[in-house]
Amino acid sequence: MTPSYPPAHGLLNGKVTLVTAAAGAGIGFATAKRCAEEGATVVISDRHEPRLGAAADALTSITGVKPLAVPCDVTSESQVLALFDAALEAYGRIDVVVNNAGLGGTAELAEMTDEQWSTVLDVTLNGTMRCTRAALRHMIPRRTGVIVNNASVIGWRAQRGQAHYAAAKAGVMALTRCVAMEAAPHGIRVNAVAPSLAMHPFLAKVTTDDLLAELTAREAFGRSAEPWEVANVIVFLASEYASYMTGEVVSVSSQHP
Amino acid sequence: MLSAMSLFSVAGKTVVVTGGSRGIGRMIASGFVDAGATVYISARKKDELDAAAAELGCVAVQADLSTADGVGALVEAVTARESRLDVLVNNAGATWGAPLADYPEHAFDKLWNINVKGVFYLTQRFLPLLRASASPENPARVINIGSVDGLRVPEVENYAYSAAKAGVHMMTRHLAHRLAAESITVNAIAPGPFESKMMAFALGDPALRSAIEGQVPLGRIGRPDDMAGAAIYLASRAGAYLTGAVIPVDGGISTHG
């Protein structure tokens with residue numbers, strides 16, 4: 001049962017939308033593509049510069065509009081600031097920020113090095129914090145804006161070998177809730193999606209068949225999500241249809257604790 | 001607000017608003033940003049300009065449009081980033097009040113340069129970018145800000161201003177006639193009293209303010225949405241079949257004749 005790709009409805013017409021880690025095969029690129037299709041002016045960033053250029057070309061050929069593409073490693077505060085400066089210089093404002101950048105890994109804690117722990121936390125949690133902070137510093141004076149963070153159901157559930165990644169994603173959820181309270185008086189919304197299993201070629205490559213079968217069995221639909229199915233929920237949270245939602249972590253799907 | 005009204009949509013358009021850091025220009029720039037356009041604003045004073053641009057979500061370009069250098073600086077800054085210009089709002093202007101016997105000659109020079117010559121040469125220099133946007137179905141738009149003082153004789157002694165604004169109205173019609181074949185429309189808005197620095201001296205005084213309100217058939221000073229609405233109408237699909245028009249947005253003041 002393959003779902004059908006949705007037609008565009010202009011949900012993000014004219015919204016300047018920044019998506020981090022948008023050059024891969026997963027949720028980031030799918031989000032940038034769906035946002036562009038919904039009328040957004042898209043800014044994409046990624047740590048991997050050659051792949052970023054390829055992603056920009058791919059988006060241009062799909063949507064007919066070339067996105068601004070800025071290399072950015074979210075573990076570097078100066079690179080995050082440069083990314084926001086480049087977007088503001090080009091378009092004068094940022095209406096939507098999608099914090100998609102994250103880094104996983106598998107290691108049981110007894111064997112885990114400090115470096116393994118820190119690297120996952122720095123990209124996944126600290127990177128989201130840095131981009132959220134930069135976004136708020138721009139959005140608060142304008143009294144408008146939307147932030148959507150990419151969390152994961154692993155922030156809720158127990159899984160061996162994922163202590164660092166799960167702690168980081170649980171952190172993203174807590175960050176989302178707390179910052180939403182600070183941002184709401186300024187007319188800014190902050191929400192997160194928590195994908196369960198969104199399949200793409202990279203994930204297929206790094207996951208064992210057994211684990212994949214086990215994870216798939218947990219899914220209500222008995223299959224993994226297409227990355228664009230998660231992107232659809234991100235688009236919804238970024239759009240005016242979610243005007244009364246903030247501080248929420250939306251499970252995609254069926255694995256809310 | 002959900003963006004269902006495609007008839008009045010300006011989402012994704014590229015717009016230049018001169019004198020966009022305050023007053024009527026700021027009202028128009030803010031309206032276009034909220035409607036999803038990418039907006040460039042120009043002004044002479046850098047601090048005020050940068051603050052307004054950050055607050056509204058516009059791109060700032062410092063320029064004194066009463067000079068050829070200023071006109072060139074704005075055109076070059078926009079041309080460096082954009083391959084087309086959809087909407088040019090010629091708003092930058094100045095006024096001068098003095099008794100008839102003392103009315104200074106330099107008032108005429110100043111107001112002619114900024115209110116009339118600046119509008120003409122900026123439009124002339126932006127023609128290549130406007131042509132790149134223009135099509136018979138969706139013309140490029142030039143919107144000049146005239147004044148109700150250029151339509152009927154004002155009570156105040158602003159001789160150079162009323163004459164210059166009448167000049168803007170005639171130039172609007174002349175350019176409209178010339179540029180129609182190229183699918184570039186040229187219209188003017190003739191504002192009545194709005195909250196602007198130009199009006200601050202009068203609107204700050206409660207007695208004078210109520211006297212002004214008393215002269216407005218609709219009984220109030222114009223609000224930002226009144227001005228943004230007229231400009232967005234002229235820039236949208238809804239305003240595509242209009243050129244050479246001078247639209248009073250004045251609460252009915254011009255009905256006094």
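Protein chains get the first letters and strands the later ones, always in sequence-line order, with residue 1 at the start of each. Quick caveat: nothing in here was measured; it's all calculated off a predicted structure.
Between chain A and the options B:T38, B:I41, B:T14, the largest number of non-hydrogen pairs under 4.5 Å is found for B:T38. Contact count against chain B (heavy-atom pairs under 4.5 Å) is highest for A:E89 among A:E89, A:H138, A:M139, A:R143.
Residue B:E182 qualifies as enclosed at atom CD: its count of foreign heavy atoms under 6.0 Å is above 12. By the neighbour-count criterion of 12 heavy atoms within 6.0 Å, atom CZ of B:R237 is sparsely surrounded, having that number or fewer from other residues, nucleotides or ligands. Residue A:R51 places its CZ atom among more than 12 non-hydrogen atoms of other residues, nucleotides or ligands, all under 6.0 Å distant. For B:F126, the CZ atom sits in a packed shell: over 12 heavy atoms of surrounding residues, nucleotides or ligands are nearer than 6.0 Å. More than 12 heavy atoms of other residues, nucleotides or ligands shown are found within 6.0 angstrom of NZ on A:K66.
Inspection of non-hydrogen atoms places B:A53, B:A54, B:E55, B:L56, B:G57, B:C58, B:V59 of residues 53-61 of chain B under 4.5 Å from chain A. When the heavy atoms of residues 18-34 of chain B are compared with those of chain A, the residues falling under 4.5 Å are B:V33, listed by number. Within residues 65-78 of chain B, no residue has any heavy atom under 4.5 Å from a heavy atom of chain A.
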Atom pairs and distances, side-chain donor-acceptor, residues 80-88 of chain A, under 3.5 Å, sequence neighbours left out:
none

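The shortest non-hydrogen separation linking A:G14 to B:A11 is N-CB, 3.9 Å.
A:R93 places no side-chain N or O within 3.5 Å of a backbone atom of B:V39 that could act as its donor or acceptor partner.
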